[in-house]
Amino acid sequence: MGFRGEMMAAWGRRGSFYGKSSDGKFGNKRSQCSLGHSHRSKLESAVCAEYQQRARIDNLVLTCESHVYLTDAHILYIPDFKLRAIDGTEFYGESKGFETPEWRIKKRLWEHYGPAPLEIWKGSHSNPKLVEVITPPVKKT
Ligand SMILES: [Zn+2]
């Protein structure tokens with residue numbers, strides 16, 4: 001089966017290639033990483049593998065799906081990953097296969113109200129790419 005055939009098969013399975021489906025968010029199948037997390041996509045699972053490696057090298061604690069509340073309105077955003085160093089320094093990671101309007105709003109909130117830098121990963125599960133780091137201003141409290 002060539003590329004065209006695979007595309008047609010993808011259409012057939014999912015109804016719409018980019019649409020939501022019962023498989024999960026935007027046609028992504030859940031994917032397990034080597035730590036046994038059930039990730040929402042293969043890309044997320046691949047990014048988890050990247051962070052596991054970085055956690056080992058830099059001695060960081062990796063947490064998945066920790067809850068972050070943004071702004072005084074406490075808008076809930078759940079980044080895919082959180083990494084914490086021994087000195088308490090933290091940063092977050094998010095894998096984005098598809099940009100949604102909701103994501104764009106949360107990204108803008110993070111730019112102003114995020115508690116720590118947020119790394120954004122795109123690309124494919126076989127070649128995940130760190131495309132952007134959002135560093136919010138340090139809070140003046
Ligand atoms: Zn994982």
Side-chain angles (χ1 to χ4, degrees), residues 1 3-141:
M1 188 162 67
F3 177 68
R4 194 181 156 76
E6 284 171 25
M7 289 293 283
M8 294 310 285
W11 272 94
R13 266 200 313 278
R14 294 166 181 164
S16 148
F17 197 68
Y18 293 107
K20 285 188 182 182
S21 82
S22 54
D23 282 348
K25 212 162 72 166
F26 310 107
N28 289 325
K29 289 216 162 61
R30 294 196 81 91
S31 171
Q32 216 174 60
C33 72
S34 61
L35 290 183
H37 309 132
S38 172
H39 289 289
R40 279 169 299 198
S41 67
K42 279 185 169 178
L43 173 62
E44 189 180 301
S45 191
V47 173
C48 191
E50 299 272 340
Y51 280 137
Q52 286 170 37
Q53 192 178 19
R54 214 194 294 178
R56 270 195 302 274
I57 293 167
D58 295 338
N59 206 6
L60 307 170
V61 177
L62 171 64
T63 318
C64 293
E65 304 197 337
S66 66
H67 291 202
V68 176
Y69 294 92
L70 298 169
T71 81
D72 288 344
H74 294 270
I75 308 284
L76 173 63
Y77 167 48
I78 307 174
D80 296 330
F81 307 102
K82 175 182 176 179
L83 289 105
R84 187 185 172 87
I86 289 168
D87 68 1
T89 311
E90 294 175 347
F91 67 95
Y92 292 80
E94 175 74 33
S95 64
K96 270 288 159 259
F98 302 93
E99 294 213 346
T100 62
E102 186 191 354
W103 156 246
R104 289 190 194 108
I105 292 167
K106 292 195 170 162
K107 185 178 170 193
R108 290 207 46 193
L109 292 179
W110 193 281
E111 286 165 5
H112 295 275
Y113 305 103
L118 175 67
E119 298 185 346
I120 299 163
W121 294 74
K122 291 186 179 177
S124 67
H125 66 91
S126 57
N127 188 21
K129 288 196 178 91
L130 176 58
V131 294
E132 194 179 351
V133 181
I134 301 175
T135 307
V138 177
K139 283 200 190 76
K140 317 176 205 77
T141 41

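Along the sequence shown, residues carry numbers from 1.
Shortest non-hydrogen contact noted between H39 and C33 is NE2-SG, 3.5 Å. Taking each heavy atom of L70 and Y113 in turn, the nearest pair found is CD2-O, 3.8 Å. When all heavy atoms of Y77 and W103 are compared, the closest pair comes out as OH-CZ3, 3.2 Å. Contact record, S66 with K82: OG-CD, 3.4 Å, taken as the closest heavy-atom pair. Smallest separation of non-hydrogen atoms from L43 and H125: N-CB, 3.7 Å. Shortest non-hydrogen contact noted between P137 and E111 is CD-O, 3.2 Å.
Remark: L109 CG to T71 OG1 distance equals 6.5 Å, nearest 0.5 Å. Within the model, atoms NZ of K96 and CD1 of I120 stand 9.0 Å from one another, a figure rounded to the nearest 0.5 Å. Rounding to the nearest 0.5 Å gives a distance of 12.5 Å between CG of L60 and CD of Q52. Atoms CD and CG, from Q53 and L62 in turn, are 12.5 Å apart once rounded to the nearest 0.5 Å.
Between Y51 and W121, the ring planes are perpendicular. Angles over 60° get that label, and only those under 30° would be called parallel.
K122 is not listed as a side-chain neighbour of K129, based on a closest heavy-atom distance of 4.5 Å or more. Contact check for F81 versus C64: side-chain heavy atoms found under the 4.5 Å cut-off. Side-chain contact between K42 and K29 is absent, with no heavy atoms from C-beta onward closer than 4.5 Å. Taking 4.5 Å as the limit, some side-chain heavy atom of P136 sits within range of a side-chain heavy atom of W110. Between V47 and D80, every side-chain heavy-atom pair lies at or beyond the 4.5 Å cut-off.
Counting heavy-atom neighbours within 6.0 Å of R108 CZ, excluding the residue itself, gives a total of 12 or less. More than 12 heavy atoms of other residues, nucleotides or ligands sit less than 6.0 Å from atom CG of D58.
Under the 4.0 Å criterion applied to side-chain N and carboxylate O atoms, K107 and E132 are assigned as salt-bridge partners. Under a 4.0 Å N-O distance rule, the pair E94/K106 does not qualify as a salt bridge.
Using a distance-only test at 3.5 Å, with no hydrogens or angles considered, a donor-acceptor pair links the side chain of D87 to the main chain of T89.
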